[in-house]
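Shown below is the structure under consideration.
Order of the sequence lines sets the chain letters (A, B, ...), proteins ahead of strands, with each chain counted from 1. FYI, side chains are in, hydrogens and waters are out, and symmetry mates aren't considered; it's all heavy atoms of this structure.
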Number of protein chains: 2
Amino acid sequence: MARWQPGAAERLQAAALELYLARGFEQTTVAEIAQRVGLTERTFFRHFADKREVLFDGQDRLEQAFLDGLAAAPPDAPPLAVVAAALTASADFFPDERRRWSAHRQAVISANPSLRERELLKLAGLAGTLSEALRARGVPDPTATLAAESGLTVFRVAFTQWIAEGERRSFADVQLAVLAELGAMAAGATAPA
Amino acid sequence: MARWQPGAAERLQAAALELYLARGFEQTTVAEIAQRVGLTERTFFRHFADKREVLFDGQDRLEQAFLDGLAAAPPDAPPLAVVAAALTASADFFPDERRRWSAHRQAVISANPSLRERELLKLAGLAGTLSEALRARGVPDPTATLAAESGLTVFRVAFTQWIAEGERRSFADVQLAVLAELGAMAAGATAPA
DNA sequence: GTCTATAGTGCGATAGAC
DNA sequence: GTCTATCGCACTATAGAC
């Protein structure tokens with residue numbers, strides 16, 4: 001028999017989310033999380049940089065999905081269309097089966113300012129990656145940054161709606177609807193009478 | 001003579017920014033900041049919730065400026081135009097004399113992820129306030145959220161440009177240029193060929 | 001795997017302003 | 001007397017150093 005069970009990181013994540021949900025983020029100590037899966041505090045910090053980080057992984061894969069979708073867009077597509085392609089590619093990460101889990105995780109995050117901070121930093125990182133990729137395609141600043149940030153805004157708004165009570169549409173569908181709404185809003189403000 | 005000098009919070013802020021700039025945020029202890037202005041650690045935490053917060057105040061006044069500008073927009077203005085009015089009102093907070101100081105402060109923040117997190121939380125708070133105000137004007141979601149978030153994106157991009165080396169335009173001018181660029185980008189993506 | 005610095009909190013005491 | 005700013009001390013947990 002193995003000296004330690006495999007999947008330490010995954011077990012720590014599961015235990016952390018449970019405890020954060022049950023008694024709140026601040027009321028949960030790292031020692032408790034580690035103990036629950038038979039590990040030590042020290043081991044927790046070997047896997048995750050800090051107590052918050054345990055809720056934010058898989059970000060790399062989401063980022064890669066964005067980049068893949070972006071790369072698949074036609075070379076001459078306008079910036080916002082390129083971003084839309086990236087967003088579409090990300091929809092695979094949010095199948096209907098994941099909706100409940102996403103809602104739980106989001107509830108924990110939304111309830112704690114320090115977790116909100118970390119979430120915003122991660123999303124800002126995604127926006128930075130996207131705008132960087134746009135610049136690599138030849139889109140100049142500030143257009144690249146504006147397009148990337150707008151894309152992330154669509155992503156966030158769509159995600160919030162997707163996990164809302166009673167929402168039935170797929171993440172992809174919600175995202176398309178929000179994207180259309182963004183276009184309408186921008187057109188409404190710029191269209192001459 | 002008074003037992004304590006007035007303006008404790010202001011003195012703590014000044015000392016904190018100096019030390020953060022000189023030796024870095026993490027390398028500076030709260031005890032050092034407090035000692036430098038003749039106060040104790042405990043008093044620092046009476047004025048600021050945590051070590052980061054000392055760099056983020058006056059946020060309330062900026063928020064109020066946004067709201068005032070927003071309230072001054074005509075009732076039938078489209079959402080993004082209302083947001084533009086709020087942005088314009090905020091320009092008073094960034095006169096040319098403040099450009100250098102803003103750049104220094106931003107350098108400290110940008111150099112530290114934990115400060116970036118706090119900054120993003122504050123900006124998200126502003127966006128939340130704006131979208132709330134739009135909803136109060138009768139703008140439905142998700143348009144209200146999209147307009148508010150887009151406005152903050154413009155604000156952030158403009159601010160970054162305003163403090164960039166060699167930039168001479170006023171904050172108001174930069175912001176207008178970015179706003180126009182956002183309109184062009186949105187139009188470019190939605191306009192049929 | 002242990003040891004330690006530091007952030008941050010709770011409660012109480014003190015000293016001045018009014 | 002009340003109110004408020006400050007300080008002192010004990011304490012926990014995070015996070016990093018050794």
Item to check | Sugar-phosphate, base or nothing in reach of B:Ser114, heavy atoms under 4.0 Å | outcome: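 Touches nothing.
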Checklist entry - So what does B:Ala49 hit on the nucleic acid, given a heavy-atom distance under 4.0 Å: a base, only sugar-phosphate, or nothing? => result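 Result for B:Ala49 = sugar-phosphate.
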Checklist entry - So, for B:Phe155 and B:Phe171, is the gap between ring centers shorter than 6.0 Å? => result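 So the answer is yes for these two rings.
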Donor-acceptor contacts under 3.5 Å from residues 121-129 of chain B side chains, at least two apart:
unit_1	atom_1	unit_2	atom_2	d
B:Lys122	NZ	B:Glu53	OE2	2.6
B:Thr129	OG1	B:Glu63	OE2	3.2
B:Thr129	OG1	B:Gly125	O	3.1

Item to check | Atom-to-atom span, CD of B:Glu32 to P of C:dA7 - whole angstrom | outcome: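 Spelled out: CD on B:Glu32 to P on C:dA7 is 9 Å.
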Next on the checklist: Counting only side-chain heavy atoms from C-beta out, which of C:dA7, D:dT14, D:dT6 sits nearest to B:Val30?
Outcome noted: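 Of the candidates, C:dA7 comes closest.
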Checklist entry - Given D:dT6, D:dA15, C:dA7, which nucleotide is nearest the side-chain atoms of B:Leu39? => result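 Between D:dT6, D:dA15, C:dA7, the one nearest the side chain of B:Leu39 would be D:dT6.
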Item to check | Between P of D:dT14 and CZ of A:Phe25, the distance in whole Å | outcome: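 Rounding to the nearest Å, CZ of A:Phe25 and P of D:dT14 are 8 Å apart.
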Next on the checklist: Check the phosphate of D:dT6 against B:Thr40, side-chain N and O only, distance under 4.0 Å to OP1 or OP2. Yes or no?
Outcome noted: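 B:Thr40 to D:dT6 OP1/OP2: no side-chain N or O under 4.0 Å.
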Item to check | Lys NZ or Arg CZ of B:Arg105 over B:Phe56 ring: under 6.0 Å, within 45° | outcome: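 Output yes; distance and angle both within limits.
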Item to check | Distance in angstrom units between B:Arg46 CZ and C:dC11 C1', rounded | outcome: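 After rounding, the reported distance stands at 14 Å.
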Next on the checklist: Does anything in residues 87-98 of chain A form a side chain to side chain donor-acceptor pair (under 3.5 Å)? List the pairs, not counting sequence neighbours.
Outcome noted: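 Qualifying pairs: A:Asp96-A:Arg99.
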Item to check | Whole-Å gap separating P (D:dG8) and CD (B:Gln35) | outcome: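 After rounding, the reported distance stands at 12 Å.
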Item to check | Between C:dA7 (C1') and B:Arg118 (CZ): distance, integer Å | outcome: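 Rounded to the whole Å, the gap is 13 Å.
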Checklist entry - Starting at CZ of B:Arg42 and ending at P of C:dA13, how long is that distance when rounded to a whole Å? => result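 Roughly 15 Å, once rounded to whole Å.
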Item to check | Toward the 5' end of DNA chain D, by each residue's nearest nucleotide, B:Glu26 or B:Arg11 | outcome: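 Residue closer to the 5' terminus by nearest nucleotide: B:Arg11.
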Checklist entry - Heavy atoms under 4.0 Å, any strand shown: does B:Ala8 hit a base, just sugar-phosphate, or nothing? => result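 Sugar-phosphate contact only - B:Ala8 comes under 4.0 Å of backbone atoms but never of a base.
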Checklist entry - So, is B:His47 near the phosphate of D:dA5, with a side-chain N or O under 4.0 Å from OP1 or OP2? => result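 Answer no for this pair, as no side-chain N or O of B:His47 is under 4.0 Å from OP1 or OP2.
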Next on the checklist: In whole Å, I'd like the distance from the CZ atom of A:Phe45 to the P atom of D:dA13.
Outcome noted: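 Interatomic distance, CZ of A:Phe45 to P of D:dA13: 12 Å.
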Item to check | Note: A:Glu117-B:Arg116 ion pair, threshold 4.0 Å (strictly below) | outcome: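 The answer is no: the pair does not qualify as a salt bridge.
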Next on the checklist: Could you tell me how far apart A:Glu41 (CD) and D:dA15 (P) are, to the nearest whole angstrom?
Outcome noted: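 Those two atoms, CD and P, are 10 Å apart.
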